[in-house]
Amino acid sequence: MAFDTVIMVDWSGGNDRGKKPAKDAIWAAVNRGGEAQEPVYLRNRQVAEAWLSDIFRVELAANRRVLAGFDFPFGYPQGFCSAVTGSDDPLALWDWFEARIEDAPASNNRFDLAGKINVALGGSTGPFWANGLQRDIAGLPRTKTRYENPFPERREAEEQAKGAFTCWQMAGAGAVGSQVFMGLPVLSRLRRKFPVAVWPFAALDAPIAFVEIWPSLTIKDAPAGMIKDAWQVAEAARQVSALSSEKLVEMLDVQAPEEGWIFGLGYEDVLMVRKAPPLRNDCFALPPGVHWTPVDEALALLRDRLHPVTGTEHVAIAEALGRIAADDVTANRANPPTANTAVDGYGFAGGWGPGAHELPLVSGRAAAGDTPQAVADGQAIRVLTGAVLPGGVDTVVLQEDVVLDGGKIRFSGPVKAGANTRQAGEDVIKGQKILAKGQRINAPELALMAATGVSNVPVRNRLKVGILSTGSELVNPGDPVKQSQIFDANRPMLLAMITQFGHQAVDLGKVPDNREALRATLDQAAGEVDVIMTSGGASAGDEDHVSALLSQSGAMTLWRIAVKPGRPLALGMWDGVPVFGLPGNPVAAMVCTLIFARPAMAVLAGGDWSEPHGFDVPAAFEKRKKAGRREYLRARMRDGQVEVFGSEGSGRISGLSWAEGLVDLPEQALDIAPGDLVRFIPYASFGI
C-alpha cells in the first residue's frame, strides 16, 4: 500500500483565530513524494474545509493517492454511538453531528449540543462536561464535580496512549471533545464530496484515506521560534512519508470497528526514526588527473563529501551510552537548581571582618533534601554539604573553624560573603546547550544530562558496518587448513575495531575469489547494513573482484594514496551503500582503517570528523626516510621515548600487538636520530 501525498491536520474546536498565524489554531502540512511543503495556517474551519477541498481536487486530478490525518478521535467509547443514533456504525454518528452542528467563524453551538445529548441520555452530569461559556447550559456541568458517565471514560486507544485526553471534556486544556464536535461534520461533508475511505472503519481502497492521528504521540517540543502546532503537522507528515509500504500496511492492520484508533500507536519508535539522505554515487570520485593522493588531501576529500546516512530516534539516557547526539541538547533545569552549601558548617548572612565573632545558633539544621527554615539577620544555623541555603543565609563557615558554646557559635574573621557556597546555575543554567549535535555521549555527558533533568535524548541510530573478507586462501580460525591456506586475521580484527569505534559490527563472513559469489554477498549486505568494509581484492589484478565489481556498478574510485603501509584503497558505492575496499594485508588494513575509514565512518554515523591526538616525543630509534609517502610505524612508549617495531614488513602482524600506537612521519625525506622529536599517536587516540 502506497500513498503519493500525505496531509496532516492539527484541528481546533474554537473560533476564528485572525489573520496572523497563531497557536491553538488549525494547521496543515503536505508532504508529496517525500518533499515537504511549508505548514499552512488555516484561521477557521470554513477556510480549512475549502483548503482541503481544493487540495483533494488537485491530487485526484493528478492521479495521486492521499493519506490525510486529523488530530481528533474518529469514534467514541463503546456504546455511545448506538445510544445516540441507534446504530453502532461510527460513520452514522458523523452524519448525526453534521446534521446538528451549527458552525460560523465567530460562534458555534457545540456546548449547547453537548448539554442536549446529556439530557437525552437521561442525565445532567455526563457523559460530557466543561462549559466554556459564561452562561449556564442545561445538562452540561461546568466542572467534573459530581460527574457521572454511563460509558467508559476512555477508548482503548486512549488507555494505551500515555497522556491522551478523554473525548468527554468540552472546554479547558485538552478539550478534545470540542474538536470532535467541530471536526466530524467537516469530515462527513468531505467524505460525501470525494472518494474517501475512513480508517479503521473500512478498507482503504479509495483514492483518499482519512486516519486519526495524535502528533504528541511521537512529537514533543518544536524548534525555537516555530509554533508547536505547525511543527507537529510538518513532522508528522514527514514521519508517515518516510514509512515503507510494508511497514505502513502493518501499522494500518487494526481492528477497532466502533471506537477507532490512533495511527502509529504501538509504533512510536518506528515513526520517530529520522532517515538520512543517501550518499551520491560520485561522492568518492577524485579530481581529473589525480594519480597519487597525499594523505591530508585524501582526508580532506572524505571530510568534505560525506554526510550522515543513519536515521535518528529518542532514547532514555540509560540507553544513550556511546550514541551520537542527533541534535543539540539543552538543560531542563539549572545546576545547581538552588544556592546550596559546599561544606559542613554554619550558615549566616553577609561577610565578617577580622577579629572574633559570636552568633546565636537557631534550632534545627539544613541538610541535603530539606526545605529549611529562614534565618534572621545576625543568627546562624547548622548546615550540611549540599543543603539548600535557608532564607537569610548566603555565607557558610567551616565547622572546623567554629567553636560551639551552648546555643552560640564563635569564629574568627575575616569571612568573605558567599564563602563556601554554590550559587544557583553557576555550573549550568536552564536552557543552556549541554550537548552538541554530533557529539558522542559518554559517562560524563550522561552525568550532565541527568543533573540538568534531561531524561530522553535524540540520538543517531548506530552505524551498521558489515565486515567481509575476500580470498579463496582464507580459512576461519579453528577450521582445518591446508598448507596453501591462511587463517583470516582481518575479519576478527576489523569487527573488533568497528565495535570499539562505537558502531554496530556485522559479520558478513568470507567469500572466495568468485565474482558472482561476491556480487550476491554485496547485494544481500546492501539491504542490511549502512557501510560495507571489505579486505582483499581491492587492487587491479585478475582476482581483485571487489574493485572490478565496483567499477562495473559505475561508482568506484581506486584511491592511490601516498601512504605506507598500504596499497590502493577502493572506495565506491554498491546499491547506494558506501564500500571501503581495504588491502588484504592485515597491517595495511588496520592502518587504512585507523587513518581513513575511522573518521569517515564517524561522519556517516552522524558524528564529527575526528582527528587523532598526537604528541611530539623523543625518538628511541634512527631511520632514513625517502620522500614521497606518509609513513606510519608501529610504535610504543618506553622511558619517555618512542621505540618502533624492529621490522617495517607489512606482513608482520605481531607488530600490531607489540605496538601501543603509531609514529606518523610526513611525506618529505627525513633523517631521524635518537632524541629527535617525532609525532606519536597512541591507539587510544583512535578509540581502540
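Values in this document were obtained by computation on a predicted structure and should not be read as measured data.
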Colleague: Carefully, step by step, assess Tyr76 and Glu258 under the rule side chain to side chain donor-acceptor pair (under 3.5 Å).
Modeller: CA-CA 8 Å; Tyr76 281 88; Glu258 179 179 346; over 6 Å; no
Colleague: Under the 3.5 angstrom rule, does the side chain of Arg154 hit a backbone N or O of Ala164 as a donor-acceptor pair?
Modeller: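 Yes.
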Colleague: Salt bridge or not for Arg45 and Asp103, using N-O below 4.0 Å?
Modeller: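 Asp103 and Arg45: salt-bridged.
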Colleague: Do we see a donor-acceptor contact under 3.5 Å between the side chains of Thr421 and Gln423?
Modeller: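 There is such a pair (donor and acceptor under 3.5 Å, judged by atom type) between the side chains of Thr421 and Gln423.
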Colleague: Would you say the side-chain atoms of Asp4 pair up with the backbone N or O of Arg65, donor to acceptor, closer than 3.5 Å?
Modeller: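 The answer is yes, because a donor-acceptor pair under 3.5 Å joins these two groups.
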Colleague: Do the side chain of Glu158 and the main chain of Gln160 share a donor and acceptor less than 3.5 angstrom apart?
Modeller: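 The answer is no, because no donor-acceptor pair under 3.5 Å joins these two groups.
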Colleague: Taking atom types as modelled, find out whether Thr452 and Asn332 have a side-chain donor-acceptor pair closer than 3.5 angstrom.
Modeller: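 Distance-only check fails for Thr452 and Asn332.
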Colleague: Could you give the distance from CG (Leu306) to CG (Leu604), rounded to the nearest 0.5 Å?
Modeller: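 Answer rounded to 0.5 Å: 5.0 Å.
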Colleague: Listed by chain and number, what are the salt bridge (Lys or Arg N to Asp or Glu O under 4.0 Å) partners of Asp253, not counting sequence neighbours?
Modeller: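 Counting only residues at least two positions away or on another chain, Asp253 forms no salt bridge (Lys or Arg N to Asp or Glu O under 4.0 Å).
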Colleague: Rounded to the nearest 0.5 Å, how far does CD1 of Ile227 lie from CG of Asp229?
Modeller: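 It is 7.5 Å, given to the nearest 0.5 Å.
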Colleague: Report yes if the side chains of Val457 and Ile441 come closer than 4.5 Å at any heavy-atom pair, otherwise no.
Modeller: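 Of all side-chain heavy-atom pairs linking Ile441 with Val457, at least one is under 4.5 Å.
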Colleague: Apply ring-ring contact (aromatic ring centres under 6.0 Å, His included) to the pair Phe194 and Phe210, showing each step before the final yes or no.
Modeller: CA-CA 11 Å; Phe194 299 100; Phe210 285 175; 9.0 Å; no
Colleague: Determine whether a donor-acceptor pair (N or O, by modelled atom type, separation under 3.5 Å) exists between the side chain of Arg64 and the backbone of Glu59.
Modeller: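 A pair under 3.5 Å: no.
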Colleague: Has Asp370 got a side-chain atom pairing as donor or acceptor with Ala367's backbone, closer than 3.5 angstrom?
Modeller: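 Indeed, once roles are kept as given, a pair shorter than 3.5 Å links the two residues.
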Colleague: Centre-to-centre under 6.0 Å for Trp261 and Phe201, is that the case here?
Modeller: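 They do not qualify: ring centres at least 6.0 Å apart.
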Colleague: Which is it for Arg135 and Asp112 under the salt bridge (Lys or Arg N to Asp or Glu O under 4.0 Å) test, yes or no, and what are the steps along the way?
Modeller: CA-CA 11 Å; Arg135 61 180 173 85; Asp112 294 287; 2.8 Å; yes
Colleague: Evaluate Arg422 against Asn340 for side chain to side chain donor-acceptor pair (under 3.5 Å), listing each step before the verdict.
Modeller: CA-CA 5 Å; Arg422 309 182 185 101; Asn340 65 83; 2.6 Å; yes
Colleague: May I ask you to check whether Phe72 and Phe165 place their ring centres under 6.0 Å from each other?
Modeller: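 No - the distance between ring centres of Phe165 and Phe72 does not fall below the 6.0 Å cut-off.
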Colleague: Look at the rings of Tyr41 and Trp27 and say which category their plane angle falls in: under 30° parallel, 30 to 60° tilted, over 60° perpendicular.
Modeller: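 Geometry flag for Trp27 against Tyr41: tilted rings.
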Colleague: Set out, in order, the CA-CA distance, both residues' side-chain angles and the distance that settles salt bridge (Lys or Arg N to Asp or Glu O under 4.0 Å) for Lys464 and Glu528, then state yes or no.
Modeller: CA-CA 8 Å; Lys464 293 182 179 180; Glu528 299 174 353; over 6 Å; no
Colleague: Ion pair present between Arg155 and Glu212, side-chain N to carboxylate O less than 4.0 angstrom?
Modeller: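 A salt bridge is present here (some side-chain N lies under 4.0 Å from a carboxylate O).
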Colleague: Look at Arg238 together with Glu35 and state whether they make a salt bridge at an N to O cut-off of under 4.0 Å.
Modeller: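 A salt bridge is absent here (no side-chain N lies under 4.0 Å from a carboxylate O).
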Colleague: Can you check whether Pro444's main-chain N or O pairs, donor with acceptor, with Asn442's side chain at less than 3.5 Å?
Modeller: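 Checking the backbone N and O of Pro444 against the side chain of Asn442, no donor-acceptor pair under 3.5 Å is found.
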Colleague: With a 4.5 Å heavy-atom cut-off, do Gln232 and Trp214 have their side chains touching?
Modeller: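 Heavy-atom side-chain distance check fails, nothing below 4.5 Å.
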Colleague: State plainly whether the residues Arg110 and Glu102 are in salt-bridge range, i.e. N to O under 4.0 Å.
Modeller: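 Between Glu102 and Arg110 there is no salt bridge, as every charged N stays at least 4.0 Å from the carboxylate O atoms.
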Colleague: Any carboxylate oxygen within less than 4.0 angstrom of a Lys/Arg side-chain nitrogen, looking at Glu313 and Arg323?
Modeller: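 A salt bridge is present here (some side-chain N lies under 4.0 Å from a carboxylate O).
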Colleague: Is there a donor-acceptor pair under 3.5 Å between the side chain of Asp327 and the backbone N or O of Pro458?
Modeller: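 Pair absent, no side-chain N/O of Asp327 close to backbone of Pro458.
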Colleague: Can a side-chain donor-acceptor contact be found between Gln179 and Ser12 if the only test is distance below 3.5 angstrom?
Modeller: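 Note: Ser12 and Gln179 side chains miss the donor-acceptor criterion.
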Colleague: As an exercise, state the distance from CG of Asn108 to CZ of Phe181, rounded to the nearest 0.5 Å.
Modeller: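 Spacing of CG (Asn108) from CZ (Phe181) equals 10.5 Å.
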Colleague: Can you tell me if Glu268 uses its side chain to pair, donor with acceptor, with the backbone of Gly266 under 3.5 Å?
Modeller: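 Here the side-chain-to-backbone pair exists.
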Colleague: For Arg100 and Trp96, indicate whether the former's side chain and the latter's backbone hold a donor-acceptor pair under 3.5 Å.
Modeller: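 Side chain of Arg100 to backbone of Trp96: a pair is present.
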Colleague: Using a strict cut-off of less than 4.0 Å between a Lys/Arg side-chain nitrogen and an Asp/Glu carboxylate oxygen, indicate whether Arg142 and Asp136 qualify as a salt bridge.
Modeller: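 Here Arg142 pairs with Asp136 in a salt bridge, since their nearest N and O are under 4.0 Å apart.
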Colleague: In plain terms, say whether Lys144 and Glu153 are close enough for a salt bridge, that is, a side-chain N and a carboxylate O under 4.0 Å apart.
Modeller: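 A salt bridge links Lys144 with Glu153.
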Colleague: Looking at Met170, is its backbone amide N or carbonyl O close enough to the side chain of Ser178 to form a donor-acceptor pair, meaning the two atoms are under 3.5 Å apart?
Modeller: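 Indeed, once roles are kept as given, a pair shorter than 3.5 Å links the two residues.
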Colleague: Exactly one of Asp88, Thr85, Val180 should register a side chain to side chain contact (heavy atoms under 4.5 Å, CB included) with Leu93. Which one does?
Modeller: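 Filter result, single survivor: Thr85.
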Colleague: Aromatic contact between Phe74 and Trp94, with the criterion being ring centroids under 6.0 Å apart: yes or no?
Modeller: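 Yes, close enough.
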Colleague: Taking C-beta and beyond as the side chain, do Leu113 and Phe128 meet within less than 4.5 Å on heavy atoms?
Modeller: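 A side-chain contact under 4.5 Å is absent here.
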Colleague: Given the rule in the salt bridge (Lys or Arg N to Asp or Glu O under 4.0 Å) test, do Arg43 and Asp16 qualify, once you have shown the distances and angles that lead to the verdict?
Modeller: CA-CA 6 Å; Arg43 59 184 295 176; Asp16 187 287; 2.9 Å; yes
Colleague: Output the distance between atom OG (Ser188) and atom CD1 (Ile101), rounded to the nearest 0.5 Å.
Modeller: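 It is 12.0 Å, given to the nearest 0.5 Å.
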